[in-house]
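Worksheet: the structure to be examined is printed underneath.
We count residues from 1, following the sequence as given.
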Amino acid sequence: MSRTWTLSFATLAFVAGVQVQAADAAALAAKPADPRIEAILTSLEKVRSIDSVSLSPDGRKLAWTVKTDGKPVLEVADVDGRHAHRVTTYKAGACRETAAVWAPDSRHLAFLSDCAGKAPGADEGKQNDIYVVDTQKKDAPAQVSHLKGYVHALSWTADGKTLGFLYVPGATRRASATAAAKPQLGEVGVDGVEVQQVASIDAAGGEPRLLTPDGLHVYEFNWSPDASRIAYVAAPPPGDNNWWVAKLYAQGTAAGSSPTVVVDTATVTGSLHGLQMAVPRFSPDGSRIAFVGGLMSDQGATGGDIYSVAANGGEPVNLTAGSKVTPSWIAWPEADRLVVSEVAGGVSRVSAYRMDAAGASLKQQTLFSVPASIGDGRLSMSLSLDTAATRAAFTQSSFGTAPEVQVAKLDGSSLPQSVTRFNAGLKPAWGKAESIAWENEGHDVQGWLLYPANFDPKKHYGMIVAIHGGPASAVLPRWPAAGYGGAPLAALGYFVFMPNPRGSYGQGEAFVQANRRDFGYGDLRDVLAGVDAIEKTHPIDDTRLGLTGWSYGGFMTMFAVTQTHRFRAAVAGAGISNWQSYYGQNLIDQWMTPYFGASVYDDPGVYAKSSAIDFIRQVKTPTLIVVGERDAETPAPQSFEFWHALKAQGVPTSLVVYPGEGHGFARDENKRDVLARALSWFDRYLSATP
């Protein structure tokens, strides 16, 4: 009943939000036609995004899927980026080609394409199918599957005969908590539960075979070197909710094989107890499995320590205990060598880790470090390696440089080199980026500061603090997409401060766990200490401070304006105003126990302690509130409750609920609208002459 009520309440919130928008149109001053805002949005939409990058096993070829005429298409090139050409016959703009991955022979490519048509009942676009193309022939790609459901995470077996993938038969949506939730109707929690399984198909074509049981929702998987087994992280459905209690499994790939629990974090002792796992990787001899384990607030935003465990089960060994960085992705190319992507104090670092003879600890060597975001399109910070792991390919972008394909030597001798020029003509509309470091309450803290466009050191500027989601995440330099974010605010003439306070990745696992049972307190003090540090060395007008954030950042925005009057304007995106009611409204309540230490029913006080609604009478800050109507992670009623409370207190506010949107907005027109509204809101309340 509560789920149905939640959706109905969200619908009411949308109606109310539209009414507020109409009634307060003049006060809101949302002017999407503002030429400055339109110019920023238009420039952001010019980016040719790169969805996937794959380096051939022999290290001689690259494949990538790049946006062309509005759709991603597949191209192949030499490893230096030369001689790039299409290897399919589909017309750009007609359909999508994504997720390219080389076969072990460095000749064949598998990829996903939706050119075959629309999936019955699907609400998020056309049906993807698996294709294989021989890059040394001019033949058209062979469609090797005829699927009806959601498919992703293609992976070849070492013999090149089989493709594995994650598959949701009969899916009606993307398998992600950030996707728009299905309407909660009928017998809630029972009807229409969709399960993601590991499936395989012959590379020459045929019927897919489900390898894992339908009682387990699989999030990530890895083939053993001989393809006789798979390791995977899985939990009982519903998959959106249960990732936080997932276990590590191993099972054979032969028909009739059943899974064996390798690690259950609910029963292990030591530092992994009660935490989350991701990125399982077999050792080269198949005897052990490495993985990333830690306190993670979102599936897909991976960070923690590196653990190793016997493939048939046992007590995991923490190989990076006490580390001051955050490993995010791992590969295990040699018996005693791991290649690791990690967040290190607000930058991306790739390291080689050598394992000692006992396999109990690792010795780190930095291969390269860049103030940028990196990834090949598969997992967070994942890289595409050649067989010997001597080279890596990936996409890289920063605040100053739009995305390009990069190739790096993994010997520590040089920085990555760009091999494409898809976005070479794009220049940032905002000012320079600067890494800011400060200390607070015994913690080393870091963040990024964007300067305003056309910065004049003789002038004083307003500053907007933008707090990231998570909280287990981090701000890394990245060229912004055409959605909500800090860079467009800097383009309009503000300093933008993006802190990584306690709870963030980049300073080690102890720092990630430092805000447990303390949401809104120590992390907010870290943020305010960062503001103080910046104001000592930069021309900031302290009377013109703004605050914003999405998801956890939306909560921090709502909570902060109840704790301080320092901010003159705020924009709360997909926030949480009342942790007690939120526990019963959201569809992912499993994430909360690791952070709060108990359910709301067992310890309501710790939830009340961090609930903005309990301090609502202290708010003076004008606040714009935006949210998706079908947000499963931070349901619209949370935004409605905060808006209602502000209205009751006479605080200037506006609520806009976007129909059909989930936690991450999917429609371009809504991405544009929410950004335009936020820019206009700050432009009004942070003007130099109020």
Side-chain angles (χ1 to χ4, degrees), residues 104 153 155-159 161-162 164-166 197-200 209-213 215-235 243 245-273 275-294 302 304-321 327 329-340 353-362 378-379 382 385 387 389:
S155 178
W156 290 88
T157 54
D159 62 8
K161 296 180 179 179
T162 305
F165 52 97
L166 293 176
Q197 298 166 261
V198 180
S200 67
R209 183 167 69 92
L210 296 174
L211 302 182
T212 56
L216 288 175
H217 186 104
V218 179
Y219 303 97
E220 299 176 39
F221 79 101
N222 181 239
W223 293 105
S224 66
D226 63 1
S228 66
R229 304 176 76 197
I230 51 174
Y232 56 90
V233 177
W243 177 76
V245 294
K247 302 174 185 178
L248 176 62
Y249 293 87
Q251 76 169 70
T253 56
S257 298
S258 57
T260 299
V261 175
V262 178
V263 178
D264 179 354
T265 63
T267 61
V268 299
T269 59
S271 59
L272 188 61
H273 180 74
L275 302 183
Q276 289 72 55
M277 297 176 289
V279 203
R281 293 292 181 265
F282 275 104
S283 61
D285 65 0
S287 66
R288 298 190 68 81
I289 300 171
F291 60 92
V292 177
T302 301
D305 283 316
I306 301 173
Y307 289 81
S308 173
V309 64
N312 58 358
E315 190 70 17
V317 178
N318 188 340
L319 301 176
T320 55
W329 176 86
I330 54 178
W332 200 340
E334 299 176 68
D336 66 342
R337 176 174 172 245
L338 300 177
V339 176
V340 181
Y353 282 85
R354 291 287 180 179
M355 192 174 296
D356 66 11
S361 64
L362 299 174
R378 294 176 298 165
L379 299 175
S382 57
L385 308 179
T387 299

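- With hydrogens and angles disregarded, a donor-acceptor distance shorter than 3.5 Å links the side chain of Thr253 to the backbone of Ser228.
- Counting heavy atoms from C-beta outward, Pro316 and Val268 have side chains that approach closer than 4.5 Å.
- Of all the heavy atoms in Ser200 and Leu211, the pair that sits closest is OG-CD2, 3.8 Å.
- Closest of all the heavy-atom pairs between Ala311 and Gly286 is CB-O, 3.6 Å.
- For Thr320 and Tyr353, the side-chain atoms include no donor-acceptor pair closer than 3.5 Å.
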Test Leu248 against Val309 for side chain to side chain contact (heavy atoms under 4.5 Å, CB included), laying out the working first. CA-CA 10 Å; Leu248 176 62; Val309 64; 4.2 Å; yes
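- For Ser382, the side-chain hydrogen bond (donor to acceptor under 3.5 Å, both in side chains) partners are Asp376, not counting sequence neighbours.
- Considering CG of Asn222 and OG of Ser155, their distance stands at 7.0 Å, rounded to 0.5 Å.
- Side-chain atoms of Val339 and Pro333, non-hydrogen and from C-beta on, do get closer than 4.5 Å to each other.
- Scanning all heavy atoms of the two residues, the minimum distance from Arg288 to Trp332 falls at CB-CH2, 4.0 Å.
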Do Tyr249 and Val218 pass the side chain to side chain contact (heavy atoms under 4.5 Å, CB included) test, and can you show the C-alpha distance, the side-chain angles, and the key distance before you say yes or no? CA-CA 10 Å; Tyr249 293 87; Val218 179; over 6 Å; no
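- In this structure the side chain of Lys161 never reaches within 4.5 angstrom of the side chain of Trp156, judged on heavy atoms.
- Nearest heavy-atom pair, Ala335 versus Pro284, reported as atom, atom and distance to 0.1 Å: N-CG, 3.7 Å.
- Nearest approach of Val340 to Ile306, heavy atoms of both residues: CG2-CD1, 3.6 Å.
- Using a 4.5 Å cut-off on side-chain heavy atoms (C-beta onward), Met277 and Tyr307 make no contact.
- Put simply, OG1 on Thr157 and CG on Asp226 are 10.5 Å apart, with the number rounded to the nearest 0.5 Å.
- The distance from atom CE of Met355 to atom CG of Leu362, rounded to the nearest 0.5 Å, is 5.0 Å.
- Here Asn312 pairs with nothing under the side-chain hydrogen bond (donor to acceptor under 3.5 Å, both in side chains) rule; sequence neighbours left out.
- The distance from the CG atom of Asp336 to the OG atom of Ser283 is 12.0 Å, given to the nearest 0.5 Å.
- No side-chain heavy atom of Asn318 sits under 4.5 Å from any side-chain heavy atom of Leu272.
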Acceptor/donor pairs from residues 254-264 side chains to any protein atom, 3.5 angstrom cut, sequence neighbours excluded:
| unit_1 | atom_1 | unit_2 | atom_2 | d |
| --- | --- | --- | --- | --- |
| Ser257 | OG | Gly252 | O | 3.4 |
| Ser257 | OG | Ala254 | O | 2.8 |
| Asp264 | OD1 | Ala266 | N | 2.9 |

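- Rounding to the nearest 0.5 Å places OG1 of Thr302 at 10.5 Å from CD of Gln276.
- Side-chain contact check for Leu379 versus Glu220: some heavy-atom pair is nearer than 4.5 Å.
- Here the side chains of Val233 and Pro280 are in contact, with some heavy-atom distance below 4.5 Å.
- Remark: Phe291 CZ to Phe282 CZ distance equals 13.0 Å, nearest 0.5 Å.
- Using bins of under 30°, 30° to 60° and over 60° for the plane-to-plane angle, the ring pair Tyr219/Trp243 lands in the perpendicular bin.
- A distance-only check finds a donor-acceptor pair linking the side chain of Arg281 to the backbone of Ile330 [under 3.5 Å].
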Trace of the side chain to side chain contact (heavy atoms under 4.5 Å, CB included) decision for Asp305 with Leu319: CA-CA 7 Å; Asp305 283 316; Leu319 301 176; over 6 Å; no
CA sep, side-chain torsions, deciding dist, call: Thr212, Gln251, side chain to side chain contact (heavy atoms under 4.5 Å, CB included): CA-CA 8 Å; Thr212 56; Gln251 76 169 70; 4.0 Å; yes
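- Below 30°, between 30° and 60°, or above 60°: for Phe221 and Trp223 the angle between ring planes is above 60°, a perpendicular geometry.
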